[in-house]
Each structure stands twice: as C-alpha cells, then as structure tokens.
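Lettering follows sequence order; numbering is per chain, from 1. No experiment lies behind these values; they were computed from the predicted model shown.
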Amino acid sequence: MKEQVKKKVSEAVERLFSIKPPDFKVEKPRDEKHGDLATNVSFLLSKTLKKNPNEIAKELAEYLSRDPDLEEVEAVRGFVNLRFSRDFFLKEFSKLLEQGEEYYREDLGKGQKVQLEFVSANPTGPLHLGHGRGAVVGDTLARLLKFYGYDVTREYYINDAGRQVYLLGVSILFRYLELFGKENERPEIKELFQREGYRGEYVVELAKLLRESVGDLLLKGEVTSAKERILSHGYPFELSYTERFSGGEEPDVELCSLFGLDAMMDEIRRDLSDMGIEFDVWFSERNLYERGLVEKLIEELSRKGLVYKSEGALWLRTSEFGDDKDRVLKKSDGSYTYFASDIAYHWDKFRRGFEKVIDLWGADHHGYIPRVKASLKMLDIPEDWLEVYLIQMVKLFKGGKEVKMSKRAGNFVPLRELMNDVGSDAVRFVFLTKRSDTPLDFDVDRVKEKSSENPVFYVQYAHARISGVFREFRERFGRDPESEDFSEFLKELKEETELKLIRKSIMMKDELMDVATRRDPHLITYALIDLAGTFHNYYNHHRIIGSEEKLMLGRISLLKGVRSALRIGLKLIGVSAPEKM
RNA sequence: GUCCCCGUAGCUCAGGCGGAUAGAGCGCGAGAUUCCUAAUCUCGAGGUCGGAGGUUCGAGUCCUCCCGGGGACGCCA
C-alpha cells in the first residue's frame, strides 16, 4: 500500500513541480481520522520550492484526488492525507479472498542469503527464559524473512570447546562420585567443583544417567570400557560427542564432558523443537579448531600487522578500529580466548557466502559488539554485513510474585518449566509483546485466563470465533465458505466497522513488511491484538448468520479475509490458529 | 570510573528514519444488558512524556547536562 502511494506522490511531485522528490515518508497517521495514509513530502519541499507547506500540500491533494483509487485527498496543516476509495479496498480485499495468506507475500529479499544466529546457549545447562526469548525472536525473524523472499539459514553456535565444557565434565564426575559416596577420594575434583562447578540438580540427573550405563567403571578407572558401555547402552539420543572420546589427560573428566554434551544438546534440541523451532545448522566450536580456522585467522590478522605479543599473550589491535582497548586472542597459558574463536566463526560465516548476518545475543554481551565489529573491519568485511540485536532478560511472575530460581537448574528458571506450565503458544506470544532489547515481565497467571486480559487467548479466540461461524454456516446452509466465493456480496457491507476490518486486514501487509525490514517482530503481536479487538467489537454488535442472505454472504466473506490476516500473523510468530477453543 | 538500556495515565505497556489534538488494555466513574455465537457493551474522567537546556518550520522521538532504576565492563564463558 505504502509503496503504491509513494509512487503516486512521487509522480505528482514531478508533474507539478518538475523536480525529483526528496526522500519523503508515507505512513499510517496516528489518528485514523487523518486518513489511511499520509505523507510529509510538502514539509520537505517547502524550502526548495520557497512555498509554505500547506500550499504545496493543497496542490498535491488536488492533483492526487483525480486518482480513482483515492477517494479523499486532503491537505491539512501541511500534511497530505489520503483515503483509499471503498472500491479500491473492495478490490484489494477480493484479491485477499482469492489468494488467502499468499496475499501478504512479497519478494523483498530477492533471494539474498541471510544467516540468523540465535540462542547459541552453552550446552552446560538447560535453556532458561532469556534463551527462550532469543529463540522466539530469532525464529520469528527467520519466518518473516523467509516469507519475504530471503534465503534464510538458522544457525546455533555450540560452545563445545573450552573451560565451560571441562567444568561440566568435572561437575558430572563429582556428582557421579557422590552417588557412590566416593567424592572425597578425588580431592582435586571436589575442590574444583566447589569453586567453579555447576550446582544445578540437572547435573545430578546427568550423573545418574551416566551411571545407568557405566555402573562403577569410572571408579575403577576403566574409562575406555565405560565409553563402550555408553555407546552400546541404547540412550535415546545421539552420542556424537562421546564417540569422539580421545582418552588424553584426565580421561574420566573428558568422558563426562562428552557424555554431558550429548545429553545437554539433546535436551536443548527438544526444548527448542517443542516450541516449533528448528535449526538448519548446528555449528560446533570444536569444529572451528579442528579445521585450524582459529590459527588461520590469527595468521591472517598477523599478516596485516594487527596482532602483537605482550605479557606472554597475543593481543589484537581492536582499539584502532573503534573498540576502547585491545583484546587478547591467545592467553599466556597457550589457550585461545572465546573472542578468538568468535571472530573465526564470523569470518567463516563470511566465507560461506552469507550476504547478511543477523546475530541475537544476550544483552549482557553488549560490550562485545565493538570488538567483534572491529575485528570484522580488520578482515575487510563491510560494516553493515553484521547486525546484532540484544535480548534482554525475562522475569517470571506467578501469583504476583517473582519466580526466581529452580531446584533443577540452580539459580535460574528453565524454559521447559514455563513451557510445561503455559504451553508453547503462550510462551511465544508473550515473548513477543515487548521490544526484545527491553526487559520483559511474564505474568503466568494472565496467560492462563480465558478472558480479554489474556492477549494470546484474545487473538486466538478471534480466529476460533470465525471458524465457529463458518461451522455453523456450513451446518445450517450446507455451503462451504472455504471453497465457495462470495466476494460479489462484499458490496453489501455498509457498516463503518466492516470497512475498518477490511482496511486493517489489507494494511496488515504493510505492517508485516515493515516488521521484516525493521527486524522488530514484537510489532506483529500488536497488529494482531488490534485486528482481533476490532473483530470482537464487530462480532459483539452484528449478527452474521441470521442477517439477510446477501448481507450474510458479504459478512462471511469479510470474516474470511480477516481470518487470513489473523492466520498469517499467527503463522509468522509461530502461534497456532485454533478452530475451536 | 567508562559504556549500554530504561524512565510516557493509578498499573502494564505501545508510540515506525522527527510530524497533526501523545495512544491501548487494565483499574476508576456513569449508564445499558442477562434474548443472542463462549471474553458483556457504550460513554467518560485521567498526562508538565523523569528534569533543564539545545538543534528544527515542527521534539515523547535527535544532541548536551543532571536526577532516578537496571545491566555490562576480565588473559571468564
């Protein structure tokens, strides 16, 4: 819609003033009284044309009012307010009826290769609420971009190398020993666990799961046979990490780490897939090292003279590229920092041919952005190639009180707990009710209500109501609104609210396209709530079945279009559109 | 100390790259309705957009400073 109007306005400007129009805006006015769309072009022209904005607006309005698609074009205090004609809306709405959800599609991306990396939680514990929020935002963005013509790859980066994973192994081993009452026999394990271990109950569960197959073999130091037992035990998940057991130093810790990785990754995948989230690529950090990419990266950066040695460590000159200080790539103990592998990872993304990369990070990583951007600059990667969006934390409220931690996970609330409590639809919807970079309070009691207080219910219920009307219509009249076309009766619709519903269903398209380009998926829920509200209001005041036949068929058509608008919105945020509630 | 985010109605929050008289829901007040397809409906009051400057034809929106709240700042991940 906006694009069409923009074209019309540009044309008008060129014809009337014979100049190229500046970069003006066409947007939905805040107040519906000001028309369907409005443009500010006359303000921007007033300087060059040396005329006051309202005069320009008047001339434009007069010119544009000849357009048959536009019913009313008004100059008000410099703005040009446009209102589409009823015929135009009916014409568009017929298209919507014919095409269904496909009406909303548009090829904005032209097949551009976009990678979306999100969640990427460490596999050292269950996903928590914040991860879940990132997962929902990322998945919704992926759905949107895909729908709008981008070639999207969803990727999860697994931090399966480094100290965290080692500590997971230590923690599991400690809990394992504890199961046998032998934790004091390995003081170094106990000490490390108590200092830096993972304290959540889930580690105990992992240890028990491990004991199922290995029995007491690890107590006896028979690590290799323990590994064989794990592999042949028939665990209901892949053991791709355990398979790669190398048996180097501290083989028992290693085995615990690998088994822990397998089990945790399985849990993480299940949590995500139960929320309807599937990844295309699970990218392993280990793999980065195995391919020698980190070394190669450091060579590359050294060649450019951007690396230096100091205090036994290797540093990168990020401060020369916008970061506030230089950063360590390789620690004095010889191991690499996560920063090093992160750059290597992004370098690899670039070399895999992604034209655009979107990362969703936890908000606590915000200080990370300048250094990663700096390093990309060093590698001659264009500045706008990487977009980073931050995901703020989620607080859970139950009975008016904050729920702070879980026994199982330690000091945070696992996503699984919330999902089991309220279901995936509610989780997804509510995670999209605020901009992702601001903190979110999740009121559990609210989403369990069957009332207008509960936005999830409110929107889904609008869809279910329409389905209900259709069911009844089929029963009473033996005609099927799905297959039959009643769009010729749209002209029977005379009510103000009916036109409003038509308008909102059509404008949903602009709304969704905006969301895709602005990467702001939370706006979808607002558009849905708005449309559902208008619908409920209409429904409460008008009868569909039972009104005079032509009018009824017109209203059935109206509902069908509204339903498509609700469906596409729900589909893009991954929330179900129930037929019945 | 440096950096980031936030501060909008009693509450929870919207407010698009600067645009019109700052919006919604809840709550509150008044009225209608218990016939209908399963959240009852309609109307109303309620605001110095944290504060002070500045840029601009125009600022909730951009800039500077201040106040208040949260968070990040490691050879941690």
Side-chain angles (χ1 to χ4, degrees), chain A residues 2 23-25 27-31 33-35 38-40 42-44 46-47 52-54 76-79 81 121-122 124 159 161-167 196 285 310-315 324-342 362-371 390 392-393 395 397 433-435 437-441 443 446 449-455 457-458 460-462 464-469 471-473 510-511 514-515 517-518 520 522-523 525-527 529-530 532-533 536-537 539-546 580-581:
Chain A
K2 280 186 192 170
D23 190 22
F24 63 99
K25 280 200 312 200
E27 51 180 14
K28 196 170 92 188
R30 270 207 284 240
D31 192 332
K33 283 197 280 290
H34 294 120
T39 177
N40 65 341
S42 22
F43 291 99
L44 305 170
S46 81
K47 236 178 210 164
N52 94 48
N54 205 38
V76 185
R77 301 172 63 180
F79 289 90
N81 295 336
N122 280 345
T124 51
N159 287 116
R163 187 162 174 80
Q164 299 293 335
V165 173
Y166 174 76
L167 286 173
E196 294 179 78
E285 185 190 2
S310 170
E311 300 163 66
L314 268 189
W315 296 72
D324 37 274
K325 57 180 185 177
D326 292 344
R327 307 289 169 177
V328 171
L329 290 171
K330 195 176 187 178
K331 298 181 246 178
S332 50
D333 68 2
S335 63
Y336 293 102
T337 59
Y338 267 69
F339 177 50
S341 53
D342 280 349
D364 52 337
H365 287 66
H366 84 88
Y368 230 68
I369 298 174
R371 62 186 94 157
L390 299 177
Q392 272 286 2
M393 59 194 268
K395 282 188 193 166
F397 286 84
T433 52
K434 278 195 74 172
R435 244 182 40 218
D437 64 348
T438 64
L440 174 78
D441 291 342
D443 184 343
R446 175 163 298 185
E449 285 174 36
K450 284 194 171 178
S451 78
S452 54
E453 287 267 341
N454 173 359
F457 176 81
Y458 192 68
Q460 288 185 317
Y461 187 50
R465 263 185 163 170
I466 294 176
S467 305
V469 172
R471 264 197 307 278
E472 178 145 345
F473 176 75
D510 277 345
E511 213 86 41
D514 270 3
V515 174
T517 47
R518 291 181 40 212
D520 224 349
H522 83 287
L523 295 174
T525 55
Y526 282 89
I529 291 168
D530 184 50
H536 286 306
N537 183 275
Y539 184 89
N540 283 327
H541 289 96
H542 301 86
R543 304 216 109 231
I544 290 110
I545 291 167
K580 261 186 203 179
M581 291 186 83

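- Applying the 4.0 Å criterion to OP1 and OP2 of B/A77, one finds that A/K331 has a side-chain N or O inside that range.
- Between B/C26 and B/A22, the two P atoms lie 22 Å apart (nearest whole Å).
- Figure legend. B/C13 is base-paired to B/G23; pairs are counted as Watson-Crick or G-U wobble with both atom distances under 3.5 Å.
- A/D514 comes within contact range of at least one nucleobase, with a heavy-atom separation under 4.0 Å.
- At a cut-off of 3.5 angstrom, counting only N and O atoms as typed in the model, there is no donor on one side facing an acceptor on the other between the side-chain of A/T438 and the base of B/C5.
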Quick one: do A/F43 and A/F79 satisfy ring-ring contact (aromatic ring centres under 6.0 Å, His included)? Show the steps, please. CA-CA 8 Å; A/F43 291 99; A/F79 289 90; 5.0 Å; yes
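- In a base pair of the Watson-Crick type (N1 to N3 plus N6-O4 or O6-N4) or a G-U wobble (N1-O2 and O6-N3), with each distance short of 3.5 Å, B/G18 is matched with no nucleotide.
- B/C28 is paired with B/G44 under the Watson-Crick or G-U wobble criterion, all donor-acceptor distances under 3.5 Å.
- Within 4.0 Å of A/A363, counting heavy atoms only, lies no atom of the nucleic acid at all.
- In this structure, the CZ atom of A/F43 is 13 Å from the P atom of B/C57, given to the nearest Å.
- Nucleic acid contact for A/N540: base, since at least one base atom lies under 4.0 Å from a heavy atom of the residue.
- Rounded to an integer number of Å, the gap from A/H541 NE2 to B/U33 P is 14 Å.
- Pairing for B/C62 is with B/G54, a Watson-Crick or G-U wobble pair whose two hydrogen-bonding atom distances lie under 3.5 Å.
- Atom CG of A/D342 is separated from atom C1' of B/G74 by 15 Å (rounded to the nearest Å).
- Distances shown here put a side-chain N or O of A/K325 below 4.0 Å from the OP1 or OP2 atom of B/G74.
- Between the OH atom of A/Y338 and the C1' atom of B/A77 there is a distance of 6 Å, rounded to whole Å.
- No hydrogens or angles were tested; on distance alone, a donor-acceptor pair under 3.5 Å links the side chain of A/Y368 to the base of B/A77.
- Taking side-chain N and O atoms only, A/H542 has no distance below 4.0 Å to OP1 or OP2 of B/C41.
- Of the inter-residue distances, the one linking A/E511 atom CD with A/L523 atom CG reads 7.5 Å to the nearest 0.5 angstrom.
- Applying the 4.0 Å criterion to OP1 and OP2 of B/G19, one finds that A/N40 has every side-chain N and O outside that range.
- With centres under 5.5 Å and a plane angle under 30°, the ring of A/F79 is stacked against the base of B/A20.
- Judged purely by distance below 3.5 Å, without hydrogens or angles, the side chains of A/N122 and A/T124 never pair a donor atom with an acceptor atom.
- How far OG1 of A/T525 is from CG of A/D530: 11.0 Å, rounded to the nearest 0.5 Å.
- Under the Watson-Crick or G-U wobble criterion, with both distances below 3.5 Å, B/C3 is paired with B/G71.
- Residue A/H365 is in base contact, counting any heavy-atom pair closer than 4.0 Å across all strands shown.
- B/U40 atom C1' lies 12 Å from atom OH of A/Y458, rounded to whole Å.
- Listed pair A/R163 / B/C76 fails the phosphate criterion, with no side-chain N or O lying under 4.0 Å from OP1 or OP2.
- In terms of phosphate contacts, A/N537 brings a side-chain nitrogen or oxygen within less than 4.0 Å of OP1 or OP2 of B/U42.
- More than 12 heavy atoms of other residues, nucleotides or ligands sit less than 6.0 Å from atom NZ of A/K2.
- Projected onto RNA chain B by closest heavy-atom contact, A/L523 and A/D437 fall at different nucleotides, the more 5' of which corresponds to A/D437.
- Within 4.0 Å of A/E511, counting heavy atoms only, lies at least one base atom of the nucleic acid.
- Within the 4.0 angstrom heavy-atom criterion, only backbone atoms of the sugar-phosphate kind lie near A/H522; the bases stay farther away.
- A/A363 approaches A/L390 most closely through the heavy-atom pair CA-CB, 4.1 Å.
- Using a 4.0 Å heavy-atom criterion, one finds that A/A38 contacts the bases of the nucleic acid, with or without backbone contacts as well.
- In this model, the phosphate group of B/C17 is not approached by any side-chain N or O of A/K25 to a distance below 4.0 Å at OP1 or OP2.
- Between the side chain of A/R435 and the base of B/A14, no donor-acceptor pair under 3.5 Å is found.
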Please lay out, stage by stage, how A/R435 and A/D520 fare under the test side chain to side chain contact (heavy atoms under 4.5 Å, CB included). CA-CA 7 Å; A/R435 244 182 40 218; A/D520 224 349; 3.4 Å; yes
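- Residue contacts for A/S341: at a heavy-atom cut-off of 4.0 Å it reaches no nucleic acid atom on any strand shown.
- The partner of B/C35 cannot be assigned: no Watson-Crick or G-U wobble pair with both contacts below 3.5 Å exists in any strand.
- Between A/V76 and A/Q392, the residue anchored nearer the 5' end of RNA chain B, judged by the nucleotide with its closest heavy atom, is A/Q392.
- Here B/A24 presents its P atom at 14 Å from OH of A/Y526, a figure rounded to the nearest Å.
- Taking only distance into account, the side chain of A/N81 meets the base of B/A20 through a donor-acceptor pair shorter than 3.5 Å.
- Ring geometry, A/F339 versus A/Y368: the interplanar angle exceeds 60°, so the pair is classed perpendicular (tilted spans 30 to 60°).
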